[in-house]
Amino acid sequence: MNKPSVLIAGAQFGDEGKGKIVDLLVQKGDLDVVVRFNGGANAGHTIVLDDGKYPLHLIPSGILHKETINIIAAGVVVDPLFLVKEIENLATRGISCENLFLSDRAHMVMPWHRALDAQQGGRLGTTAKGIGPCYEDRAGRRGLRVGDLINEDGQIDVEHFSQRVREVCAEKNVQFEKVHNLPGLNPDEIIAEFVKAAETFKSKVRDTGAMIASLIQEGKSFLYEGAQGSLLDVDWGTYPYVTSSSVGLAGCYVGTGNCVLPEIRMGVVKAYGTRVGEGVFPAELGAYERIKEQDKVPPGGTLPPLTPEEQKLASDGDEYWMGRWLRAVGAEYGTTTGRPRRCGWLDVVAVRQAVRMSGLNQIALTKLDVLDGIPKLKVCVAYDYHGKRVTDFPARTHHLQDYKPIYEELEGWETLGKATDFEQLPEQAKTYVKKLEEWIGVSIKIVSVGSHRASSLWR
Ligand code: IMP
């Protein structure tokens, strides 16, 4: 019998801790292939090992395991310059990318995409990595794919690539000059940079759709690693404050080009809520305007822990300080952008939508330890919309300020301590987990209680 395959899907606004869960599952040893199927370098998956942190953006989280095959599938938008940097960075830490493969159908993020995202993405708070403009060109049939740069024999197709770059760049330059009042880009520089970068990855380019199909035939087990979270899904998220791809199972079909239904569909849920960038966030704690200013830290920095007086303010109901408590303890800063993340209580209305979208049948609950010491915990179980109880995530996000979270309150705990088994957790923590299971309607299989691989309790 084949070993079961797994889908990992973020069930909130991204940053749920998917990288750690992927690494944990791959390390357990039953998975042969890890596939990224959506998004691009906007994702930030961090894996913590004994020798430090490994932040990954484009490369699948299975790369730290020598034997694992890692595939960047067709649904991913790939910035080749970024990819090469990521490969080189891993090499300096002794990680080989020999088992990394890249789809010939993946669209390439071009310098004009990054420049346009920097111009237009600010309103939506994008990561400015060129993701949105690249997906737009894919739908507009102007995109350049990896197969436009590398031919069937794994060689760089300078002639074809140069022609395509010149064609599209000429169009984009009109837009830069006439609409944005900016100087145009130089196609020759772009061609030279890309041709140089292609030397590093040309041997990795494959028809990954066919490759995945034959690996399935061989009985290999897969982990399909979703980027972002269900509330950032282009259709089902908080539109227009969303990313530009389908996340979860739908994205997996599109990206892999195979009719895969992984036996295990695991949603990753953080024990509280966070969001980076603009857009609605119903169970948010504290006003975003204040957070943006007051909770800024230098790149790589974190906030100091709250003083007892600040903790008292938080416990007495001051939402800014409760949000800041989560941000400080959870080190909630964007891996890709370094922006302070907005924090809030866990919203099970949103998680239930993720369950529906991807047919989730297991949950991994992350960062439970961050809730240590908070006397009373709240969970949003529904919204009140002008006196009506609403249990489905609303489409009209421009009215979302009128949807007031309805909270259930649960007792907190002092500390999770050094529990190595779920049963050793404080009673209140066990109740928190069990109540979430009840409200979400899916069993919680993994409870993560620290950033290290070892801090994971299986149930
Ligand atoms: P884009 O994906 O760069 O276009 O950004 C669109 C929105 O998605 C912004 O609010 C980003 O902050 C958010 N976003 C994109 N990728 C991630 C992620 O991996 N984690 C969290 N938020 C993300």
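One-based numbering, in listed order, for ligands and for the atoms of each.
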> Is Phe13 touching ligand 1 with its side chain, its backbone, both, or neither, if touching means heavy atoms under 4.0 Å apart?
Replying inline: backbone

> Mind checking whether Ala43 has a heavy atom under 4.0 Å from ligand 1?
Replying inline: yes

>> Can you tell me how the ring of Phe194 sits relative to the ring of Phe161, calling it parallel under 30°, perpendicular over 60° and tilted otherwise?
In response: parallel

> How many angstroms lie between NE2 in His452 and CD1 in Ile47, if you round to the nearest 0.5 Å?
Replying inline: 11.5 Å

> Do Arg341's NZ or CZ and the ring of Tyr333 fall within the cation-pi criteria of under 6.0 Å and 45°?
Replying inline: no

> Just distances here: any N/O of Thr127 and N/O of ligand 1 closer than 3.5 Å?
Replying inline: yes

>> Just to be sure I'm reading this right: ignoring hydrogens, which of Val77, Thr274, Val242 gets closest to atom 6 (C) of ligand 1? Compare them by their nearest heavy atoms.
In response: Val242

> With a cut-off of under 6.0 Å to the ring centre and 45° to the axis, is Arg275 in cation-pi contact with Phe281?
Replying inline: no

> If you measure from OG1 on Thr238 to NE2 on His398, what distance do you get to the nearest 0.5 Å?
Replying inline: 13.5 Å

> Is the shortest side-chain N to carboxylate O distance from Lys220 to Asp32 below 4.0 Å?
Replying inline: no

> Would you say Glu278 and ligand 1 have an N/O pair spaced under 3.5 Å apart?
Replying inline: no

> Does ligand 1 have any atom that is closer than 4.0 Å to a heavy atom of Gly125?
Replying inline: yes

>> Under 4.0 Å from a heavy atom of Val276: which atoms of ligand 1 are those, numbered in the order shown and with their elements?
In response: 10 (O), 12 (O), 21 (C), 22 (N)

> For ligand 1, which atoms sit closer than 4.0 Å to a heavy atom of Thr243?
Replying inline: 1 (P), 2 (O), 6 (C)

>> Could you tell me, atom by atom, which parts of ligand 1 come under 4.0 Å of a heavy atom of Asp15?
In response: 20 (N), 21 (C)

> Any heavy atom of Gln228 sitting closer than 4.0 Å to ligand 1?
Replying inline: yes

>> When you measure from the centre of the six-membered ring of Phe101, is the NZ or CZ of Arg206 closer than 6.0 Å and no more than 45° off the axis?
In response: no

> Phe222 pairs by side chain to side chain contact (heavy atoms under 4.5 Å, CB included) with which of Val34, Leu31, Asn258, Ile216?
Replying inline: Ile216

> Where's the contact between Leu232 and ligand 1, heavy-atom distance under 4.0 Å: side chain, backbone, both or neither?
Replying inline: side chain

>> I'd like to check whether Asn42 has a polar contact with ligand 1, where a contact means an N/O of the residue lying under 3.5 Å from an N/O of the ligand.
In response: yes

